[in-house]
Amino acid sequence: MFLKGKTAVITGSTSGIGLAYARAFAAEGASVVINGFGDAAAIETTRGELAAASGAAALYDAADMTQPDAIAAMIERAARETGSVDILVNNAGVQHVAPIDQFPDDKMLAIVQINLLSAWYAMKAAVPHMKVAGWGRIISTASAHSLVASPNKSAYVMAKHGLAGLTKTVALEVAQAGVTVNCISPGYVWTPLVEAQIPDTMAARGLTREQVMNDVLLAAQPTKAFVTPEQVAALALFLCRDEAKAITGANLSVDGGWTAM
Ligand code: NAD
């Protein structure tokens with residue numbers, strides 16, 4: 001349990017990849033702060049499971065990632081109620097798929113706020129705590145779309161490329177403070193977010209569900225297999241180890257070879 005005594009705040013962790021991060025950190029003894037939307041009873045069950053797994057605190061914070069004040073308040077609450085903010089994982093994300101001339105402005109703004117700006121506000125609030133402690137790990141879930149583009153994903157690709165740039169910049173700023181800043185760029189991971197974009201992609205490209213799965217999603221992945229949330233979380237866990245302290249400012253692909261093409 002190498003994270004005993006440490007606290008991890010994971011945005012967007014009520015499902016998918018974020019929940020896998022929370023489970024991985026809790027299994028190593030970390031206090032965790034989970035965040036995101038969902039059924040209140042299900043979230044409470046998850047919170048209880050995390051506390052039981054870690055033997056440490058597990059908090060739920062409902063901060064909406066479109067609200068800067070709520071993001072800062074979540075970080076301060078984590079520090080107050082658990083004693084520190086050692087690990088920040090910027091993971092909350094949403095998607096919308098449409099050609100740019102049919103892309104609703106409000107959907108574009110929500111993607112930029114949730115997938116990019118929330119990470120900036122969370123880092124701004126968490127870095128002072130990490131500097132004082134002389135140790136910290138900031139990990140953001142970017143995407144293969146932080147490195148390459150796909151049609152109909154202008155807002156998402158814009159936000160994820162921005163997240164990769166933010167990662168590099170803050171890594172340089174805290175390089176001598178014992179804090180590393182990296183992003184992980186998964187290919188297609190089988191989560192509710194991917195499931196939800198299938199109908200839009202069917203509509204945008206006039207394809208069947210099977211064609212979207214095989215010819216659009218897995219078409220990009222040479223392994224022809226979805227990445228699992230646990231594979232992504234395992235890399236995040238490694239980044240928290242002392243052996244990983246020289247890894248900073250990196251954009252680490254977990255994409256079945258997608259961006260090698
Ligand atoms: P998911 O839909 O399962 O999880 C998204 C999480 O974000 C949920 O907990 C949701 O409640 C939360 N969220 C959404 N809007 C929010 C808001 N306004 N405030 C707070 N929380 C909010 O999706 P996922 O696939 O696990 O995605 C997690 C991250 O991984 C995202 O940043 C996504 O872009 C990225 N990603 C996913 C894939 C994939 O194939 N699934 C690939 C690359 C990157």
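Whatever order the structure lists ligands and atoms in, that order sets their numbers, starting from 1. The analysis underlying the following values was restricted to heavy atoms, covering all of them including side chains, and did not include hydrogens, waters or symmetry mates.
- A donor-acceptor pair shorter than 3.5 Å can be found between the side chains of S150 and H145.
- Shown here are the side chain to side chain contact (heavy atoms under 4.5 Å, CB included) partners of T45, two or more places apart in sequence or in another chain: E49.
- For E210, there are no salt bridge (Lys or Arg N to Asp or Glu O under 4.0 Å) partners at least two apart in sequence or on another chain.
- A salt bridge is absent between R137 and D86: the closest approach of a Lys/Arg side-chain nitrogen to an acidic carboxylate oxygen does not fall below 4.0 angstrom.
- A salt bridge between E173 and K131 is absent, with no side-chain N of the basic residue lying under 4.0 Å from a carboxylate O of the acidic one.
- Listed by chain and number, residues touching ligand 1 at under 4.0 Å (heavy atoms only) are G12, S13, T14, S15, G16, I17, N35, G36, F37, A63, D64, M65, N91, A92, G93, V94, I114, T141, A142, S143, Y156, K160, P186, G187, Y188, V189, T191, P192, L193, V194.
- Y121 is linked by a ring-ring contact (aromatic ring centres under 6.0 Å, His included) to nothing, counting only residues two or more places apart in sequence or in another chain.
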